[in-house]
Amino acid sequence: MYLDGSVVGPAVDGPQDILALLGDRSTLARLPAFRIEEADGTTDVAAYRQLRRDAFVHEQGLFARHDGDDSDPRTVVLVAKDPEGVVVGGVRLGPVDDGPDIGWWQGGRLVVARRARGPHGIGAALVRAACARAEAEGVLRFEATVQAPSERLFRRLGWQRVRDVEVVNTPHVLMRWPIGRIAALAAATKSALGPLLTVLREPAVRAAARDPVGGAPRTAARAVLGGTGFVGDDGAPVPGTDMIAACDAIVPSMVERDPEWAGWCAVLVNVNDLAAMGASPLGLLDAVGARDAAHAARVLIGLAGAARSYDVPVLGGHTQLGVPAALSVTALGRTDRPVPGGGGRPGHSVRLTADLGGGWRPGYRGRQWDSSTHRRTDELRAMTGAVAAARPAAAKDVSMAGIAGTLGMLAESSGCRAVLDVAAVPRPRTATVGDWFTCFPGFAMLTTDEPGAPPLPAGPATGGVCGELTEGQGVGLRWPDGEITEVVASSVTGMGTA
């Protein structure tokens, strides 16, 4: 079995075919159950490499002395062990090169011992385990170059053909494991919005309604979410004023489990929504539901702390006790020139400006990045005032749909497609690409403008151009080799263009 740095299909030798060598067909007596685990120290790795030498050097003659290469030191090795703990198979996986890990991995050197080949499916199980491990490591692109006869096995396991390639004068197929993490997040958080909100966007004609003074029939004004040009925005311009209104609720389970953090985040997300519109905050209104006064107090402690840090007053609100946990906040801001989320156009550059300081919130690793609780008021104000200062063509605060999903929302409302350069996205060193692209990042603003437009003056936040808007729809990730993988096929919300 040989795999030029990716998952292998073995060379055919006599009556044994590739699927048999991978343990996918019944050719030998059935072995007892096996288990798959990460190689435990040098003993397991040495046993795995011995299996590779047996197969690739002695059995198939693909290498003269050994099959080691530069990829070995950086790879994770998964091994299959029989009930006695003997290594009977293995596979390696890791980043494609020796540069920074940008979430692009490949599998490699899949091998199954001669005596373990047969009906037990060890080879297939190792491939499945490698896929699961890659996703757990925050990988968004996982590939394997397999010999052509192995394509059938990989297709059966859910892999997708990319293209034919030739390696060492042998026909191979580049296969890709479909990772739907971004698409699933966007669908779960935003896809219901368009159909659900249709009733609020349609004209409501009330022919029978009577004017409260004169009694004359009247027709209600059209209810347009956000107003013309602001469909799907983070805040809504209040007609006839320079006011911007925003409202966000916190997931009830978070209010129940972590009330202080929920209170803090209720301020954070609403101030960020105003910031995306280029609005200066005026004040907040809160609505709190709690089982008792003690729990409500904890929510309000977090809310009050954030309000002080952002220097935004709490103007009033509503508190109800003896009910399930609930929290929502309405924010009011002001600007005479709101920045739309749907102001992007084909040819615009995409910029991400994010606060990379801080770290994962305890209990929310990989999901919520806390960059705000350690910041001074002047730093927070610099970040939340950056869109107003730079006046980009379009801006959106990164929401629970993550960076790629939120970019899809901006592109949708702009009537465009977005391409995101994975390696150029500003990212904390301690966050994997998969986690960073799908988490709630604290402060992170996506903006688009003409190429060469000045960056956002966002104080301690880090910014960088990391993509562009094009004709079409959806979101693609562009990798250093020029390959583009689709992560959002079409619209995110279904609300359409602004």
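Numbering starts at 1 and runs along the sequence shown.
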Verify the distance criterion only: is there a donor paired with an acceptor across the side chains of Gln473 and Ser491 at less than 3.5 Å?
no
Ala130 versus Val91, closest heavy-atom pair with distance:
CB-CG1, 4.3 Å
Show me the pairs that pass salt bridge (Lys or Arg N to Asp or Glu O under 4.0 Å) and involve residues 474-497, at least two apart or across chains.
Arg141-Asp481, Arg163-Glu483, Arg176-Glu483, Arg417-Glu486, Asp421-Arg478, Glu468-Arg478
Please examine the side chains of Met254 and Cys265, heavy atoms only from C-beta on, and report whether any two atoms are closer than 4.5 Å.
yes
Do the non-hydrogen side-chain atoms of Thr377 and Tyr310 ever get within less than 4.5 Å of each other?
no
Sequence neighbours excluded, which residues qualify as salt bridge (Lys or Arg N to Asp or Glu O under 4.0 Å) partners of Asp248?
none
Under a 4.0 Å threshold between the charged nitrogen and the carboxylate oxygen, would Glu37 count as salt-bridged to Arg35?
yes
Sequence neighbours excluded, which residues qualify as salt bridge (Lys or Arg N to Asp or Glu O under 4.0 Å) partners of Asp355?
Arg375
If we only count heavy atoms from C-beta on, is the Phe437 to Val422 side-chain gap below 4.5 Å?
yes
Sequence neighbours excluded, the answer for ring-ring contact (aromatic ring centres under 6.0 Å, His included) partners of Trp369 is Trp360, Trp436
Looking at every heavy atom in both Arg74 and Pro100, which two are closest together, and how far apart are they?
NH2-C, 3.9 Å
Min side-chain heavy-atom separation Ile102-Pro480 under 4.5 Å
yes
Nearest heavy-atom approach of Pro178 to Gln160 is CB-NE2, 3.7 Å
Are Ser413 and Val231 side-chain neighbours, meaning at least one heavy-atom pair lies under 4.5 Å?
no
Side-chain donor/acceptor of Thr241 to backbone N/O of Val238, under 3.5 Å:
yes
Quick one: NZ on Lys190 to CG on Leu196, what's the gap to the nearest 0.5 Å?
12.5 Å
Donor + acceptor pair across side chains of Thr438, Arg181 (<3.5 Å):
yes
In short, side chain to side chain donor-acceptor pair (under 3.5 Å) pairs touching residues 286-302 with sequence neighbours left out are Glu256-Arg291, Glu260-Arg298
If we check side-chain contact (heavy atoms from CB on, under 4.5 Å) with Val488, which of these qualifies: Leu407, Val475, Leu185?
Val475
Decide, yes or no, whether a salt bridge links Asp258 with Arg361 under the criterion of side-chain N to carboxylate O below 4.0 Å.
yes
For the residue pair Thr485 / Trp479, report whether a side-chain donor-acceptor contact shorter than 3.5 Å exists.
yes
Please identify each residue that fulfils salt bridge (Lys or Arg N to Asp or Glu O under 4.0 Å) with Glu450, with sequence neighbours left out.
none
Going by the angle between their ring planes, with limits at 30° and 60°, are Trp177 and Trp159 parallel, tilted or perpendicular?
tilted
Work out which heavy atom in Ala393 is nearest to a heavy atom in Asp449; give both atom names and the distance.
N-OD2, 3.5 Å
Is there a side-chain contact between Thr406 and Asp397 in this structure, where contact means two heavy atoms from C-beta onward sitting under 4.5 Å apart?
no
What's the shortest heavy-atom distance between Thr497 and Gly415, and which atoms?
CG2-CA, 3.4 Å
I'd like to know if the side chain of Asn272 reaches the main chain of Ala275, judged simply by a donor and an acceptor atom lying under 3.5 Å from each other, with no hydrogens or angles considered.
no
Can you check whether Pro460 reaches Met383 side chain to side chain, under 4.5 Å on heavy atoms?
yes
Worked verdict on Trp264 versus Ser309 for side chain to side chain donor-acceptor pair (under 3.5 Å)
CA-CA 10 Å; Trp264 183 283; Ser309 291; over 6 Å; no
Side chains of His318 and Val288, heavy atoms from C-beta outward: is any pair under 4.5 Å?
no
